[in-house]
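Structure record follows, encoded as structure tokens.
Chain naming here is simple, since letters A, B, ... match the order of the sequence lines and numbering starts at 1 in each.
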Amino acid sequence: MIVTRFAPSPTGYLHIGGLRTALYSYLWAKRNNGKFLLRIEDTDLARNSKEAAEAIKEAFQWVGLDFEGEIVYQSERFDLYKRYVQELLDAGKAYRCYMSKEELDALREEQTARKERPHYDGRYRDFTGTPPKGVEPVIRIKAPTSGVISFVDGVKGEVSFNASDMLDDFIIARSDGTPTYNFVVVIDDALMGVNEVIRGDDHLSNTPKQIILYEALGFDVPKFYHVPMILNPEGKKLSKRDGAMDVMAYQKEGYLPETLLNFLIRLGWSHGDQEIFSMEEMIAFFDPSHINKSASAYNQEKLLWLNSHYIKEASYERLIEALRFFDVDLAPHPKKELLIDAVRDRAKTLVEFATMIRQIVDAPKTYDEKAIEKFLDTKAVEILSEYKNTLKNAPTLEKASEFETLTKNFLEERGLKLKDLAQAIRIAMVGNSVSPSIFEVLEIIGFVHVIERIEALIIYKKGV
RNA sequence: GACCCCAUCGUCUAGUGGUUAGGACACCGCCCUCUCAAGGCGGGAACGGGGGUUCAAGUCCCCCUGGGGUCGCCA
């Protein structure tokens, strides 16, 4: 059985790069009827892991990912790590090092000055004498000093490192007794049964260290997949400066979760030429061996295109639900389906969607001056006024087609074209020169309110 | 600096020795049209450079260049 995991450190929110590796891990587990686990890497006690876990849960819930069992917190497993440190100590595979921080810094400085790679020199590796007083030792692993460490990465292929220029006896437990990252990752992955690790390729250089630990501890080495970074549109490393990093920001900006997932899966992974993937397809097709080897740049236009795609596809219920977040409740609206269909092709985000809805549903409070100047000269106001009278004398109109017939007859009698009236009606209805098809808008607004809105514009125009 | 990874249109990518180098986003043009969109049709646009290997190289090898990552008692 394939077991994958997502193991973020608590940063307070889930960022999109993290969501992508989480998605890949999730998909790969699902595809293989395996398990996808969640672990919070909070060995650094300074940061609040509960809050971070809540943020991750919220984001997972929003996009529809779930994980198996309970969240594992590393901060709750210190006793466990201690046991394994002791085990390595007893086996002579790790040792106490009494070098002080100052000494280490000095050593590193010298090495750098000599243009050498800064590294620990192993001075306590075989130390048997009396330890210096007043120094709380760190625990270091006895790493191989020669040979080659290689592994087959599921994305990059075979990767190998020379132990001599890669490794030193790195620290597995700090002087305060707490374990370090490389050590706890290995322990937890092994104990949790994680056998396929999908993670960012910034971890590629850590991998040989972890392999050393797997072997020292007698655990099986998992299969690794190192996925390349996401770059900003300029091709540089993605940072907070580039805008939305927090997954939940995408909700606020009006993206559907299916958009984000589809966007992310396609950023760095492909299945032939296919662009659109449902969750079922993602699970059916995702294979980490098709992950691209090179980094990919974030592409806002494509995100927007995907979002408009999913808005076009979404069911009425889905949209009504998603729109609640933006304080738009369409559920009681008598023409909600017509309204949604009138707007959906025009909105790239739900923010725009909500704005357009409000513009139709709420009578205009102001009018766009430029539109008035351009389309409402005296002649146009006259026509609009006559049109209003015609409406008033007509039986109550209901359907868009009824408005259309009446309007066309009205125009024909006067030898006018739709062009001569459409913009005036539009300004009356929504306050500016842009809206969905006017006849649909008229139906949505309803006969009585249509007349009111036209009258309001005429009065406004006279007042000016 | 050392080590490791990477390199196809502006961007996301297909390509696994023989292709007119394909698709998508974006862009441009045309059509549709009551505005704006949407939609339809069409267009421009790429194998970083240099050496090899081979009958044949975007595809394999080497070098260069350019990006990125890692070198913590952070994760």
Side-chain angles (χ1 to χ4, degrees), chain A residues 7-11 41-44 46-47 74 97 99 101 104-105 108 111-112 114-119 136-140 153 155-157 159-162 164-168 170-182 184-185 200-209 226 228-229 231 233 235-237 263 266-276 290 292-306 308 312 343-348 352 356 371 375 404 407 417-427 430 432-439 441:
Chain A
S9 56
T11 53
E41 310 244 317
D42 56 350
T43 52
D44 180 359
R47 288 183 283 196
Q74 291 186 325
C97 168
M99 194 174 186
K101 234 175 171 168
L104 223 200
D105 288 344
R108 273 204 264 262
Q111 289 165 333
T112 314
R114 269 182 272 133
K115 301 208 169 187
E116 282 174 25
R117 177 178 68 95
H119 67 285
E136 281 303 318
V138 298
I139 315 290
R140 293 181 179 272
D153 187 274
V155 174
K156 310 278 188 184
V159 181
S160 55
F161 297 83
N162 273 99
S164 58
D165 50 36
M166 195 51 218
L167 266 22
D168 57 12
F170 56 91
I171 292 169
I172 58 174
R174 305 176 182 103
S175 44
D176 66 0
T178 59
T180 59
Y181 168 73
N182 284 119
V184 294
V185 169
D201 75 0
D202 47 335
H203 289 285
L204 196 59
S205 308
N206 283 326
T207 307
K209 289 185 180 178
H226 286 97
M229 317 257 85
L231 274 19
K236 300 288 175 199
K237 192 179 176 181
F263 176 70
R266 202 61 188 67
L267 202 60
W269 176 85
S270 60
H271 180 68
D273 284 337
Q274 189 168 344
E275 296 288 348
I276 305 295
H290 284 98
N292 220 97
K293 288 176 170 179
S294 53
S296 30
Y298 183 93
N299 184 191
Q300 179 73 15
E301 276 72 36
K302 194 145 184 182
L303 214 214
L304 283 168
W305 171 74
L306 274 168
S308 42
K312 278 177 225 155
V343 166
R344 74 198 315 162
D345 282 349
R346 284 161 242 263
K348 286 194 190 318
E352 291 175 5
M356 291 179 200
F375 298 109
E404 184 165 3
T407 307
K417 295 280 190 196
L418 221 206
K419 277 187 203 302
D420 303 321
L421 180 61
Q423 290 301 67
I425 296 177
R426 205 169 331 255
I427 294 168
V430 301
N432 64 56
S433 60
V434 178
S435 86
S437 167
I438 51 165
F439 301 118
V441 172

Nearest-Å distance for atom pair [atom1]/[atom2], residues [X] and [N]:
X	N	atom1	atom2	result
Lys209(A)	C71(B)	NZ	C1'	7 Å
Glu41(A)	A75(B)	CD	C1'	7 Å
Lys236(A)	G67(B)	NZ	P	6 Å
Lys115(A)	A2(B)	NZ	P	9 Å
Phe170(A)	G72(B)	CZ	P	12 Å
Arg117(A)	G72(B)	CZ	C1'	13 Å
Leu167(A)	A2(B)	CG	P	19 Å

With heavy-atom distances below 4.5 Å as the criterion, would you say the side chains of [X] and [Y] are in contact?
X	Y	result
Leu306(A)	Ile276(A)	yes
Phe439(A)	Leu418(A)	yes
Tyr298(A)	Phe263(A)	yes

Presence of Arg140(A) side-chain N/O under 4.0 Å of G72(B) phosphate oxygens OP1/OP2: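 Arg140(A) to G72(B) OP1/OP2: no side-chain N or O under 4.0 Å.
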If we take the [atom1] atom in both [N] and [M], what is their distance in whole Å?
N	M	atom1	answer
C6(B)	C47(B)	C1'	15 Å
U8(B)	A2(B)	C1'	31 Å
A14(B)	G51(B)	C1'	28 Å
A21(B)	U35(B)	P	42 Å
C4(B)	G40(B)	C1'	50 Å
C9(B)	G1(B)	C1'	36 Å
G48(B)	G66(B)	P	16 Å
G50(B)	G43(B)	P	30 Å

Identified pairing partner of [N], criterion: Watson-Crick or G-U wobble below 3.5 Å:
N	result
G66(B)	C6(B)
C71(B)	G1(B)
A24(B)	U11(B)
A45(B)	none
C32(B)	none

Nucleotide-resolved protein contact map, nucleotides 3-13 of chain B, B/S/- at heavy-atom distance under 4.0 Å: SSSSS---BBS
Under 4.0 Å protein heavy-atom contacts per nucleotide of nucleotides 29-45 of chain B, with B for base, S for backbone only and - for none: -----BBBBSS------
Any donor and acceptor pair, going by atom type alone, linking the side chain of [X] with main-chain N or O of [Y] inside 3.5 Å?
X	Y	result
Asn162(A)	Ser164(A)	no
Asp153(A)	His226(A)	yes
Arg346(A)	Glu352(A)	no
Glu41(A)	Tyr181(A)	no
Lys156(A)	Lys293(A)	yes
Arg426(A)	Pro436(A)	yes

Sugar-phosphate, base or nothing in reach of Leu104(A), heavy atoms under 4.0 Å: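 Sugar-phosphate: the residue Leu104(A), judged by heavy atoms under 4.0 Å, touches backbone atoms but no base.
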Sugar-phosphate only, base, or nothing, as touched by Arg108(A) at under 4.0 Å among non-hydrogen atoms: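 The answer is sugar-phosphate, as Arg108(A) gets under 4.0 Å only of primed atoms, P, OP1 or OP2.
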5′-ward residue of the pair Met229(A)/Glu136(A) relative to RNA chain B: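 Looking at RNA chain B, the more 5' nearest nucleotide goes with Met229(A).
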5′-ward residue of the pair Gln300(A)/Met99(A) relative to RNA chain B: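 Result: Gln300(A).
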Asp176(A) and Thr178(A): side chain donor to acceptor below 3.5 Å: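 Side-chain D/A pair, Asp176(A) to Thr178(A): present.
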Set of residues satisfying ring-ring contact (aromatic ring centres under 6.0 Å, His included) with respect to Phe375(A), sequence neighbours excluded: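 Phe375(A) satisfies ring-ring contact (aromatic ring centres under 6.0 Å, His included) with no other residue.
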